[in-house]
Chemist: 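A single structure is presented below for examination.
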Amino acid sequence: MTAPTTLGARPRHLLDFADWTPERLTALLDNADTMNQVLDRPVRKVPALQGLTVCTAFFENSTRTRVSFELAARRMSADVVSFAAGASSLSKGESLRDTVEVLTAYKVDAYVVRHPASGAAHLVARYSGKPVINAGDGRRAHPTQALLDAYTIRQEFGSLEGLTVAIIGDIRHSRVARSNAELLPKLGARVRLCGPATLLPADLAALPGVTLTTDPREAVRGAHAVMALRLQQERMAGGYLASLQEYADHYQVSGALLREAEAGAIVLHPGPMNRDLELSSDVADGEQSRILRQVENGQAVRMSVLYHLLVGRE
Ligand code: ASP
């Protein structure tokens with residue numbers, strides 16, 4: 001008889017966290033510790049994905065996510081093919097389905113997909129029949145960003161259990177806020193989402209462990225981690241804010257606001273940052289900032305996700 005696993009059924013994709021148990025998510029984060037040890041070695045390469053091909057298909061711009069996924073796959077000896085929408089036959093009218101079928105005919109083993117439309121990664125999973133990692137779909141989900149945020153917080157405090165995380169900014173258009181609101185409570189943290197009423201969708205209050213407030217002081221009071229989010233102006237049709245200055249005056253994560261947080265609180269930002277708008281430069285560069293640590297951890301966490309989906313199947 002095989003021993004019962006406490007991890008739950010193994011998901012084939014990472015599209016969001018719906019199918020992922022807290023135990024399996026914790027195993028992913030634990031494995032990222034091992035990956036970080038690999039990245040600390042003089043030769044930062046292991047053969048885990050040798051013979052496999054990973055396609056990074058980005059239909060929307062990215063710096064951190066694309067580079068770190070490509071490095072993560074290469075560090076584990078995968079072949080990587082990068083597909084950038086602007087330089088492809090999509091601009092000649094080819095559909096997403098035909099594009100994915102062409103790539104799959106080249107024997108791609110897994111996809112990392114970013115797309116401006118919510119749900120696009122699910123479609124790629126359906127069309128390709130291969131494991132798909134959602135690297136950001138519209139305003140819906142960006143699970144590996146939330147995982148690296150959780151990992152960075154855990155690295156600081158040892159566990160997420162009982163912590164409070166304040167997320168401040170353009171919640172409405174943020175897939176990072178949604179994924180964190182889904183993930184962090186599964187790992188035992190409370191999440192406070194904060195922004196101007198026009199950028200704070202009331203339905204998010206229905207998520208377990210999540211509260212909403214338009215008052216940044218209330219959001220930050222006693223928090224262990226404070227995350228600032230960019231105003232996603234590319235997803236705004238206008239009319240959400242009186243002015244950027246007024247937004248910064250009320251919602252900027254500044255030194256004064258941070259003093260309301262728990263002593264030893266850390267500051268996070270998923271990037272790209274608009275300095276002195278959502279986050280003051282002194283805080284971004286200050287001793288409580290873990291923004292570059294997040295970037296660093298992104299690589300190890302993405303290695304762990306690729307490994308989990310492609311190799312370590314029990
Ligand atoms: N890089 C994050 C994302 O792709 C956050 C942002 O763009 O503001 O969602």
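First listed ligand is number 1; within each ligand, the first listed atom is number 1.
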Chemist: Under a 4.0 Å threshold between the charged nitrogen and the carboxylate oxygen, would E278 count as salt-bridged to R230?
Modeler: no
Chemist: Which atom pairs, donor and acceptor, lie under 3.5 Å between side-chain atoms of residues 47-60 and protein residues at least two apart or in another chain?
Modeler:
{"from": "T56", "atom 1": "OG1", "to": "E70", "atom 2": "OE2", "distance (Å)": "2.9"}
{"from": "T56", "atom 1": "OG1", "to": "S82", "atom 2": "OG", "distance (Å)": "3.4"}
{"from": "E60", "atom 1": "OE1", "to": "R175", "atom 2": "NH1", "distance (Å)": "3.0"}
{"from": "E60", "atom 1": "OE1", "to": "R175", "atom 2": "NH2", "distance (Å)": "2.8"}
{"from": "E60", "atom 1": "OE1", "to": "R235", "atom 2": "NH2", "distance (Å)": "3.4"}
{"from": "E60", "atom 1": "OE2", "to": "R235", "atom 2": "NH1", "distance (Å)": "3.0"}

Chemist: Which residue pairs pass the salt bridge (Lys or Arg N to Asp or Glu O under 4.0 Å) test with at least one member in residues 25-39, sequence neighbours excluded?
Modeler: D30-R154, D33-R154
Chemist: So which residues, sorted by chain and number, lie with a heavy atom under 4.0 Å of ligand 1?
Modeler: R114, H142, R175, V176, R230, Q232, G271, P272
Chemist: Kindly say whether P196 contributes a backbone atom to a donor-acceptor pair with the side chain of T214 at under 3.5 angstrom?
Modeler: no
Chemist: For E287, what residues pass the side-chain contact (heavy atoms from CB on, under 4.5 Å) criterion, not counting sequence neighbours?
Modeler: none
Chemist: How are the rings of H173 and Y240 set to each other: parallel, tilted or perpendicular (split at 30° and 60°)?
Modeler: perpendicular
